[in-house]
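Written out below as structure tokens is the structure these notes cover.
The sequence lines fix the lettering, A, B, ..., with proteins before strands; numbering per chain opens at 1.
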Amino acid sequence: MVDRSQTPLVELKDISVSFGGVKAVDHVSVDLYPGEVVGLLGHNGAGKSTLVKVLSGAYQKGGGEILIDGKPVEINNPRDARANNIETIYQTLALADNLDATSNLFLGREIVTPLGLVDDSAMEAECRKIMGQLNPNFQGFHDPVSALSGGQRQSVAIARAVYFNARILIMDEPTAALGPHETQMVADLIQKLKAQGIGIFLIDHDVHSVIDLCDRASVMKNGELVGTVNIPDVTDDDLLSMIILGKTPTPVTA
Amino acid sequence: MGMIGAFVLLCLGFDILTEGRFLTPRNIFNLSIQTVSVAIMACGMVFVIVTRNIDLSVGALLATCSAIMAMTQTEFLPYVMDLGLNHPVTWLISIAVGLLAGTLIGAFQGVLIGYLTIPAFIVTLGGFLVWRNVAWYLTGGQTIGPLDSNFVKLGGTNGTMGEAASWTLGIVLTAAALWMLWASRRARARHGFPVKPMWAQGVLAAITAAVILGFIATLNAYDIPERRLERMFEARGEVMPEGLTVGYGLPFSVLILLVVAIVLTIVARRTRFGRYVFATGGNPDAAALSGINTRFLTVKVFALMGFLCALSAVVASARLSNHSNDIGTLDELRVIAAAVIGGTALSGGIGTIYGAVLGALIMQALQSGMAMVGVDAPFQNIVVGAVLVLAVLIDILYRKRLGA
Ligand SMILES: Nc1ncnc2c1ncn2[C@@H]1O[C@H](COP(=O)(O)OP(=O)(O)OP(=O)(O)O)[C@@H](O)[C@H]1O
Ligand SMILES: [Mg+2]
């Protein structure tokens with residue numbers, strides 16, 4: 001069980017984001033404890049990706065506050081997020097298609113030789129190591145990632161997020177392109193990371209995998225938070241009605 | 001690979017058509033020094049195009065840098081600073097001023113593109129008009145010359161390394177190339193990755209050595225004309241020994257191009273900056289989400305382009321021994337064409353430095369080959385234009401076949 005008596009790892013308080021006139025995220029608050037997986041659910045366009053992109057530094061928040069370990073932090077760009085040990089698997093994967101898996105894995109954080117030149121063989125060795133754990137069937141280390149399958153590309157994005165010892169992991173539909181076996185491997189990976197005390201925001205449209213993997217779930221609709229529930233307290237039907245109707249089942253936990 | 005083949009075929013074809021006048025040491029020497037200016041800028045254009053930008057102002061920027069350097073060495077330093085003509089520091093100061101000006105102008109255009117998000121096409125189209133006419137204004141449209149006697153040594157025929165130094169450099173370059181081949185093989189083996197079979201590695205090494213040393217041998221085989229040699233001895237107050245022949249060796253301008261190409265290849269492949277340039281070209285959003293400051297990167301890329309324009313201005317004006325008002329005219333098109341023929345994709349993310357240099361060589365070889373064969377001037381440009389389009393078409397078909 002997750003211990004929720006200490007300060008949360010992450011608190012997103014009263015976050016708002018708007019694009020032009022559209023309120024994509026409207027005064028939403030969620031939090032995350034160490035070793036916890038919080039599912040984010042909602043229909044297409046509900047604002048899930050936008051909310052987590054505020055935490056990963058991809059979008060600037062229009063209002064609200066971000067606290068890490070109880071302390072307010074400024075996250076203005078992806079570098080700030082990385083500096084706070086926040087790693088993200090984006091829904092769009094965010095890979096440079098013309099570069100190979102190794103270059104993508106280390107993009108922005110290359111291993112360099114004493115002369116300051118990038119050390120490709122050292123990075124490739126590390127890349128082979130982590131891909132061996134995540135997706136042993138992975139091949140094509142020298143191909144540009146544009147030549148890889150959707151699932152292989154997703155493995156690269158996952159590898160990049162977990163390689164650098166994240167404390168806070170954001171997974172935006174990480175298994176969308178994966179086969180059943182690879183999906184199971186990601187589920188195992190989530191369990192393993194959770195056991196290491198990493199906090200994970202997991203965005204997933206599949207209610208059942210959210211029930212299997214998450215400790216709590218927050219549901220969004222039209223940019224607003226419908227509510228946050230403890231997974232053991234709800235059924236899949238409860239979650240579905242929150243997503244579709246925007247109604248919170250009783251009792252509510254916050 | 002295909003491009004090297006095309007270049008070799010082109011040279012052999014012209015050599016047959018001109019009955020052996022194309023592949024003479026003299027013509028190869030001239031071809032090299034004519035290519036340098038465009039090739040230097042084409043190296044920078046690779047970075048610009050790889051980041052999904054374009055620079056239409058390079059020829060005009062070359063003219064402005066050339067004008068600034070010409071005024072510095074013929075007016076400012078000799079008369080305003082009272083150093084007199086051909087003072088030993090004049091060429092150094094002039095070049096420093098020119099390189100600084102080029103870099104700053106490039107960086108300024110980069111700020112407009114990267115931070116103010118004005119499309120590169122527009123900024124550099126404006127720059128094309130602005131810098132061409134700044135050059136005109138600075139010189140009043142006059143041809144400025146003759147330039148400083150040390151400065152003109154960087155232009156080609158006026159300044160070559162001589163036979164001994166050229167051989168030394170050739171051997172050093174060969175040794176360095178072989179060492180790099182060996183080092184990368186060893187690094188791969190250390191991590192247990194597959195390596196090429198020994199014989200293939202050997203063939204590659206032999207070809208590399210043959211190309212470098214063959215090029216040096218050719219340039220050394222081009223003898224300085226007797227009259228010129230006599231004058232060189234006279235200038236030193238000596239008498240030329242009877243029957244002496246001396247080869248030109250590697251021109252300093254070609255040496256500059258070699259250094260630029262080698263350094264930029266390392267930058268492209270082995271530095272973070274180079275990696276970020278390619279990542280940004282492949283997917284700008286992904287690059288930004290990986291924490292790369294893509295705006296500042298744009299500034300750096302255009303600053304580099306400006307620096308290289310200034311370097312080309314040194315070589316181009318030194319070759320002519322003066323600054324003329326139309327220097328660098330149409331160079332923007334030649335430079336872009338060289339990069340594109342050399343395999344740089346306008347959609348971004350793909351390109352090589354050696355490809356751009358080869359592209360510049362192919363264009364120059366086409367142009368001078370056709371002139372030697374006696375093709376009329378209008379047809380020369382028609383052919384060059386057609387070749388540009390054809391090269392891109394072949395590249396597209398080739399990539400489709402590879403499925404990349
Ligand atoms: N960069 C942007 N510019 C303008 N509008 C945007 C932008 N990003 C998101 N939006 C809008 O914000 C709203 C929320 O989008 P968001 O991507 O967060 O949804 P989501 O919950 O992740 O949906 P999905 O399940 O389809 O991924 C949508 O109405 C979308 O049109
Ligand atoms: Mg989304």
Q: For the pair A:Asp120 and B:Arg275, evaluate salt bridge (charged side-chain N to carboxylate O under 4.0 Å, His left out) and give the outcome as yes or no after the intermediate values.
A: CA-CA 11 Å; A:Asp120 282 313; B:Arg275 189 67 38 101; 3.1 Å; yes
Q: Please look at A:Arg128 and chain B and tell me whether the side chain, the backbone, both or neither of the residue comes under 4.5 angstrom of a heavy atom of that chain.
A: side chain
Q | Engaged part of A:Tyr90 at the chain B interface, taking heavy atoms whose separation is under 4.5 Å | A | side chain
Q. Between B:Asn283 (side chain) and A:Leu95 (backbone), is there a donor-acceptor pair under 3.5 Å?
A. yes
Euclidean distance, [Y] [atom2] relative to [X] [atom1], rounded to 0.5 Å:
X: A:Arg79; Y: B:Leu289; atom1: CZ; atom2: CG; result: 11.5 Å
X: A:Thr113; Y: B:Arg270; atom1: OG1; atom2: CZ; result: 6.0 Å
X: B:Ile292; Y: A:Asn77; atom1: CD1; atom2: CG; result: 12.5 Å
X: A:Arg82; Y: B:Ser290; atom1: CZ; atom2: OG; result: 5.0 Å

Q) Where on B:Phe278 is there a heavy atom nearer than 4.5 Å to chain A: the side chain, the backbone, both, or neither? A) both
Q) Non-hydrogen atoms of chain A under 4.5 Å away: do they reach the side chain of B:Arg190, the backbone, both or neither? A) neither
Return yes when atom [atom1] of [X] has more than 12 non-hydrogen atoms of other residues, nucleotides or ligands closer than 6.0 Å, and no otherwise.
X: B:Phe121; atom1: CZ; result: no
X: B:Phe108; atom1: CZ; result: no
X: A:Glu65; atom1: CD; result: yes
X: B:Phe296; atom1: CZ; result: no

Q: Write down the atom of B:Arg272, the atom of A:Val112, and the distance for their closest heavy-atom approach.
A: NE-CG1, 3.8 Å
Q. Taking all non-hydrogen atoms of both residues, which atom of A:Glu110 and which atom of B:Tyr276 are closest, and how far apart?
A. OE1-OH, 2.7 Å
Q.
Let's go through B:Thr271 and A:Leu117 carefully: what are the C-alpha distance in whole Å and the side-chain angles of both, what is the deciding distance for side-chain contact (heavy atoms from CB on, under 4.5 Å) to 0.1 Å, and is it a yes or a no?
A. CA-CA 5 Å; B:Thr271 65; A:Leu117 300 175; 3.9 Å; yes
Q: Give the member of A:Pro78, A:Ser121, A:Ala94 that has the highest number of heavy-atom pairs under 4.5 Å with chain B.
A: A:Ser121
Q: Tell me, out of A:Ala96, A:Gly57, A:Gly116, who's got the most heavy-atom pairs with chain B below 4.5 Å.
A: A:Ala96
